[in-house]
Amino acid sequence: MSDRSRPGEKGSQPPRPPAGGGGAKLLLSRLRALMANQAQDPKRLDRVVELIANTMVADVCSIYLRSEDESLLLMATRGLRPEAVGRTRMKENEGLVGLVSTTARPLRLTDAFSHPRFSYRPETGEDPFHSFLGVPILRGGRVLGVLVVQNRTERAYDDEEAEALQTVAMVLAELVAAAADTLSAGLRQTRPVEMTGRTLNEGLATGRVHLYDPVVPPTQLFAADVEEEERRLNEALDALRASIDAMLTRAGPVLFGESRDVLETYRLFAHDPSWEARLVEAVRTGLSAAAAVDRVRREHRARLESARDAMVRERMHDLEDLENRLLRQLSGDNGGREAPPGSILVASRIGPAELLEYRDSGLAGIVLEEAGAGSHAAIVARAIGVPAIGALPGLVTRAEDGDLMIVDGEAGVIHIRPGAEIVTNFHARMALSEQKQAELSLLRDKPAITTDGVEIDLFINAGLSFDLDHLDEVGAKGVGLFRTEFQFMASETMPGLDEQSTFYKSVIERAGDRPVVFRTIDLGGDKIAPFMGRREREENPALGWRALRMALDHPFFFRRQLRALIRASRGKTLRLMFPMVTTVEEFEAARRLLDSEMEWAIKFGRDLPNKLQVGAMVETPSLAFSIDSLKGKADFLSIGTNDLMQFFFAADRDNARLSGRYDILSRAAMRLLLRMRQRADEAELPVTVCGEAAGRPIEALALIALGYRRLSMQSARIAPIKLLVRSVDLSNMAPRVQAALDAGEQSVRKTLLGIADDFGVKI
Ligand code: PEP
Ligand code: MG
């Protein structure tokens, strides 16, 4: 390190490394030799910078590694002052090194001084260095540090040099990760982190982090035989393309005009010559096929982490997915996934099918960076039945495999590497909660009857067939809302008639004697199925072309679902309802399609239900004011308070800034709900409430006070709501709520809290 010879004086052009892919190749082969000989050498970072500086004929080569507080610490240098090692620390957003780190992209400059982000650090003695080439050291989408070369001259580093340095950075990432303890105490994160996201499924859990997509370092970094590795890569690419082509063929006539787009785009990417060229190029530098794919994947992963633009993110996701598949091909992975029992699955984003693969792993919790409450991952997390939290930006860069994690699904908070005190308190809470659960489970076979003898029918909301297992566990009357779109969202291709009807049949069978209300597909808006393709982005998807609107515009596909439901209900009562009905005419149009499907089945002697019950979901204010007109047309109603309230208050249900701002217990909403119940009674239409409000204690009390007698909710909410119902006297409660409304109180929340208190109900 004391050798600070600086080849090349200012103004003179230093000799270049060999061209034609040779730069990276030469660097790699030297690095390989160095790693083979000095695997345990504590000074190997020093040797690496020396090797790079010599091979690239650079005046400076430095390695900065990210530490606990996100700052970048100079860990090794050739060319800067040795005293600066271990002392010079750049803040995350400081200087050019910080810029490389935050953007996770290489940076090339001929004159670093003139860059606005240049930050002068006198202790390093870097005054004379004009040109700068910095690349991120990436692992698992995380920037571990930055590798920099500098020259005195205003030299333009070419593409090849940048490539070579990135390849070296990848090898370096493995080296650094493997020696995390000896190289830098701060590399393995130890600091406790608390993050607040959004609860996807309630409950409390602790466990060790199991990263969904951990960096599986290629077992072999370097190619023993470059030609052989290139052949392996080509083989894997061919197999990948063939599998995508097969998917496209299987898709057959799929839903909606643009439906094939997503697969076609996927195929385009898979056949993209520039992608292939990048992979081949990486192999030719001397990397193994898997390491080459990994090298390109890291780049996309890191760009994905830093990209804001939705289109860019989507493209990066696609490429990353492809690269993951390719890596699996190369490693002969058969795709089966499991995590150690009791672990917390941590993922940036995960598809529903992948999440389902963990169903039998005995996970303790699921924590996701991207998922919102309505996402498909959230639906599966609920069905798996473990506490889950989503919407946690930056999660995967903070949690590491094996870290202890607390998942507080009541507060929507996670603790990564919590301190002892937090752990002790949390365990106490868990013990209390388990005790409460045990008490609640005793209610399973008891009816939900108020102390003055009014029975409230409690149903579960479901979306997967194994959700039905909860029916017995919690003692519910049946399924008040079966969200059929989930089968579509989890499927790469449009499910066919047989597939749909087999699925519905399995649901009906699992429910036994209990009724199941199927809701026809509620796609569109933010619920997108993979085969729908990238549709034109709508300005206001929640108010857009979705649910029944979309279904009515595609009668062919809609009728296929109706036919499947009819077939699946042979000899039983088919209960189905349409989502997002806005006008009575829409309901009638949907019903006509159903009738013609029934006529078709009768005419051709097909399987038939023995009875049909057709309902309308009331989710728009417009239909809320048309209930009287549905008399004699619909058989029942179901109020989707999630959507109804978002339209009533003009407040996006998924907008975190608005959550909690408007209250269903406000006078305005209560009056609407009261009026709806009265109109439904007048029209002799049984009515259920199936939005989230039905499963929240105070809100459920309010609904019961307004006269609702049928509530449908997540299965985990049944027992607490049953306990609540069994504790209150309706003849006392209802007049008090009515009096509060009559007195003009702006919210009945306080009144209801008082009522709950009087009846000794813990909220
Ligand atoms: C609702 O809107 O309240 C509802 C139950 O439907 P979803 O949440 O599936 O839109
Ligand atoms: Mg809805």
Side-chain angles (χ1 to χ4, degrees), residues 198-201 352 371-383 390 458-464 467 478-490 516-529 540-551 575-582 586-587 590 615-624 636-655 658-659 662-664 669 672-673 676 687-696 699-700 702-703 708 710-715 717-718 721:
R198 211 187 281 189
T199 297
L200 308 179
N201 199 31
S375 67
H376 357 332
I379 298 171
V380 178
R382 268 178 226 132
L458 303 181
F459 300 88
I460 63 164
N461 293 347
L464 296 165
D467 277 334
V479 180
L481 163 67
F482 192 92
R483 294 177 161 107
T484 61
E485 62 274 7
F486 187 70
Q487 188 192 17
F488 294 75
M489 287 159 78
V516 178
V517 179
F518 289 97
R519 170 174 80 186
T520 59
I521 41 173
D522 187 5
L523 286 172
D526 54 350
K527 292 180 189 155
I528 303 296
N540 295 299
L543 306 177
W545 190 59
R546 55 172 286 203
L548 188 61
R549 302 165 183 184
M550 199 188 241
R575 295 176 177 83
L576 62 81
M577 60 186 181
F578 306 120
M580 270 287 286
V581 183
T582 311
E586 279 177 356
F587 178 82
M617 281 193 79
V618 192
E619 304 190 89
T620 60
S622 150
L623 200 71
F636 64 91
L637 302 177
S638 191
I639 303 180
T641 47
N642 305 339
D643 275 315
L644 182 63
M645 288 301 124
Q646 87 163 335
F647 301 131
F648 184 65
F649 289 118
D652 182 348
R653 64 193 252 187
D654 285 328
N655 187 327
L658 299 179
S659 71
Y662 302 106
D663 193 354
I664 192 170
L672 174 73
L673 287 163
M676 288 169 74
V687 57
T688 305
V689 178
C690 66
E692 298 300 317
R696 285 192 224 117
E699 285 79 347
L703 290 166
Y708 289 95
R710 298 162 63 87
L711 304 177
S712 191
M713 61 201 75
Q714 286 177 35
S715 52
R717 303 303 311 156
I718 296 274
I721 298 294

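Atoms within a ligand are numbered from 1 in the order they appear, just like the ligands themselves.
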Atom nearest to the Mg ion (ligand 2) - Asp643, N, O or S atoms considered: OD2
Identity of the N, O or S atom of Glu619 lying closest to the Mg ion (ligand 2): OE1
Test item: [X] side-chain N/O and [Y] main-chain N/O as donor-acceptor pair under 3.5 Å:
X      : Y      : answer
Arg575 : Val517 : no
Glu485 : Asp522 : yes
Asn642 : Glu692 : yes

Validation row: Leu673, Ile664 side chains within 4.5 angstrom (heavy atoms): yes
Note, Met580 side chain near Thr620 side chain (heavy atom, < 4.5 Å):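 When only atoms from C-beta onward are counted, Thr620 and Met580 do touch, with a gap below 4.5 Å.
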Closer than 4.0 Å to some heavy atom of [X] - which atoms of ligand 1 meet that?
X      : result
Thr641 : 3 (O)
Asp643 : 1 (C), 2 (O), 3 (O), 10 (O)
Gly691 : 3 (O)
Leu481 : 5 (C)

Pair Arg546 + Asp643, salt bridge at N-O below 4.0 Å: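 Looking at Arg546 and Asp643, the cut-off is met.
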Region of Leu644 that comes within reach of ligand 1 [heavy atoms, distance under 4.0 Å]: neither
Criterion side-chain hydrogen bond (donor to acceptor under 3.5 Å, both in side chains) on Arg549 and Thr582, from CA distance to verdict: CA-CA 9 Å; Arg549 302 165 183 184; Thr582 311; 3.1 Å; yes
Geometric N/O contact Glu619 with ligand 1, under 3.5 angstrom: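 Looking only at distances, the answer is yes, because the N/O contact criterion of under 3.5 Å is met.
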Close approach, Arg653 and ligand 1, non-hydrogen under 4.0 angstrom: yes
Shortest reach to atom 6 (O) of ligand 1 by a heavy atom, considering only Arg519, Met617, Glu485: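 Nearest option to atom 6 (O) of ligand 1, by heavy atoms: Arg519.
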